[in-house]
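Whatever order the structure lists them in is the order used to number ligands and atoms, beginning at 1. In this text the structure is predicted, and so the values were computed from the model without any measurement.
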Amino acid sequence: MPTTRTQVAIVGAGPAGLLLGQLLHRAGVDAVILEQRSAEYVLGRIRAGVLEEGTVELLARANVAARLRAEALVHTGVGIAFGGARLRIDLHALTGKSMYVYGQTEITRDLMEARAAAGAKTIYEAEQVTVHGIDGARPSVRWVKDGKPHGLECEFIAGCDGYHGVCRASVPGTAIRTFEREYPFGWLGILSETQPVDVEIFYASHERGFALCSMRSTTRSRCYVQVPLADRVEDWPDERFWDELRRRIDPDAAARIVTGASIEKSIAPLRSFVAEPMRFGRLFLAGDAAHIVPPTGAKGLNLAASDVHYLSEGLIDWYRSGRKDGFDAYSRRALSRVWNAERFSWWLTRLLHRFPEEGGFLWKMQQAELDHLERSRAAQSAFAENYVGLPFDG
Ligand code: FAD
Ligand code: DHB
């Protein structure tokens, strides 16, 4: 079996794996990325779109923010539509920070291009990836490519392989604790070449269910509606989607919607999940491999970025000065930020969605909480602080 060597083997070429690879490369640490899908498949997945300033700063430190700085839309506020009107929360006035709208696909493309320009190695379509020896000093990764087995010896493994990946699944059950909540609905999302519903993103709470009007650019709209888990994409022709969205948002916005054919349409289930700890010997988990948040707070990709920040610092410190306190502290530092984002995403999911089985009392509590948010500057401040995210080094 042909076997090569590297310092850090990274499993998964999503944003977490690619960003870690880029930060390590810039610090002179050698890493190889193994990805089970093709590059085109990874780029075709439409996911996150909203970045915290901390994430943008980290991308700048990785030297991959030039296009982002030129093209991202800067949002100084975010809206919540309820009761026929819209509340705007002025993020910048309340926190001094803004959010950046720039698609995950574009970040992935920028990172892939930087990696190719640096001549760093990514092996796409690596099948049957397995990890070995994480308890010892010489871990390794094996995979099959074009029907042939391959091996990679390394010093550390970074499991950046998402929720369904192989890395977390390779940890003995006795060494890991998981915490999970599934929600009884999903988000149906569509992407269309139409003018966004408004210039800023807004969420909507309505008796018929949650909705979200977002965007990828000034000419590309990204919108979501809450749907029952049993629904299929085929149940939702474009016309039905736009009609439902119109009914859930404030009348002013509904009157302005520009509809058009979808260029992507998918349903994502909602889940909260955390695996503790995030380190097992020489294996580190980062991003969705270790935790999932429901998308309501726009935190998933931003958490993947903060994990990678802590992990890259720990590994770079080790290679520069032989100090292991950075990677010893990785799990604790990352989890502190993870649990805070879990709390906010859970709270916002519960505030804005319909939970049919919980009846009228929850609906009344949601109305009361939204009214309170409208009246109280302190409540808006707390919302804004959470939405823009904790500093990575806090
Ligand atoms: P992934 O992107 O899942 O990447 C993991 C990679 O590992 C994949 O390429 C996969 O193919 C590969 N892989 C898996 N198994 C293996 C294996 N066995 N061997 C080799 N490779 C493997 N987050 C935000 O911050 N803001 C938002 O606005 C936002 N909106 C979202 C909207 C939706 C509809 C969804 C679904 C998610 C959203 N998120 C958002 C969450 C965000 O997209 C994820 O948190 C982010 O993709 C996590 O990145 P990752 O690199 O950890 O994992
Ligand atoms: C988007 C996704 C989110 O989960 C969110 O909270 C806000 C915006 C988006 O895809 O643009």
[X] neighbourhood, listing ligand 1 atoms whose heavy-atom distance to it stays under 4.0 Å:
X	value
K299	24 (C), 25 (O)
G162	3 (O), 5 (C)
V166	18 (N)
Q104	2 (O), 42 (C), 43 (O), 46 (C), 47 (O)
L34	20 (C), 21 (N)
N302	25 (O)

Under a 4.0 Å N-O cut-off, is there an ion pair linking [X] with [Y]?
X	Y	answer
D328	R333	no
K299	E52	yes
D235	R240	no
D198	R86	yes
R350	E358	yes
D146	K148	no
R138	E153	yes
D243	R246	yes

[atom]: nearest protein contact (heavy atom, Å):
atom	answer
atom 4 (O) of ligand 1	G14 CA, 3.5 Å
atom 19 (N) of ligand 1	V129 CG2, 3.6 Å
atom 8 (C) of ligand 1	R45 NH2, 3.3 Å
atom 44 (C) of ligand 1	D288 OD2, 3.4 Å
atom 27 (C) of ligand 1	A48 CB, 3.3 Å

From the options [options], select the one whose nearest heavy atom is closest to [atom].
atom	options	result
atom 41 (C) of ligand 1	G389, A16, A298, G300	G300
atom 3 (O) of ligand 1	E35, Q36, R47	R47
atom 7 (O) of ligand 1	L20, D307, D161, I267	D161
atom 49 (O) of ligand 1	G287, P15, S38	P15

What part of [X] sits under 4.0 Å from ligand 1 if we count only heavy atoms: the side chain, the backbone, both or neither?
X	answer
Y224	side chain
L301	both
V11	side chain
R37	side chain
H164	neither
A289	neither

Any non-hydrogen atom of C160 lying under 4.0 Å from ligand 1?
yes
Kindly assign one of parallel, tilted or perpendicular to the pair Y224 and W187, based on the angle between their ring planes and the thresholds 30° and 60°.
tilted
In terms of ring plane angle, is the pair F355 and H353 parallel, tilted or perpendicular, where the classes change at 30° and 60°?
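Ring orientation, 0 to 90° scale: perpendicular.
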For each nitrogen or oxygen atom of ligand 2, which protein N/O atoms lie closer than 3.5 Å, and how far apart are they, rounded to 0.1 Å?
| residue | atom | partner | partner atom | Å |
| --- | --- | --- | --- | --- |
| ligand 2 | 4 (O) | P295 | O | 2.6 |
| ligand 2 | 6 (O) | Y203 | OH | 2.6 |
| ligand 2 | 6 (O) | P295 | O | 2.9 |
| ligand 2 | 6 (O) | T296 | O | 3.3 |
| ligand 2 | 6 (O) | A298 | N | 3.4 |
| ligand 2 | 10 (O) | R216 | NH2 | 2.7 |
| ligand 2 | 10 (O) | Y224 | OH | 2.6 |
| ligand 2 | 11 (O) | S214 | OG | 2.6 |
| ligand 2 | 11 (O) | R216 | NH1 | 2.7 |

Checking R88 against F202: charged group under 6.0 Å from the ring centre and within 45 degrees of the axis?
no
Reference residue F327; test ring-ring contact (aromatic ring centres under 6.0 Å, His included); the match among F284, Y319, Y310:
F284
With ring centroids as reference points, do F210 and F185 lie under 6.0 angstrom apart?
no
Donor-acceptor pair, distance only, cut-off 3.5 Å: does the side chain of R115 make one with the backbone of L18?
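Such a contact is absent between R115 side chain and L18 backbone.
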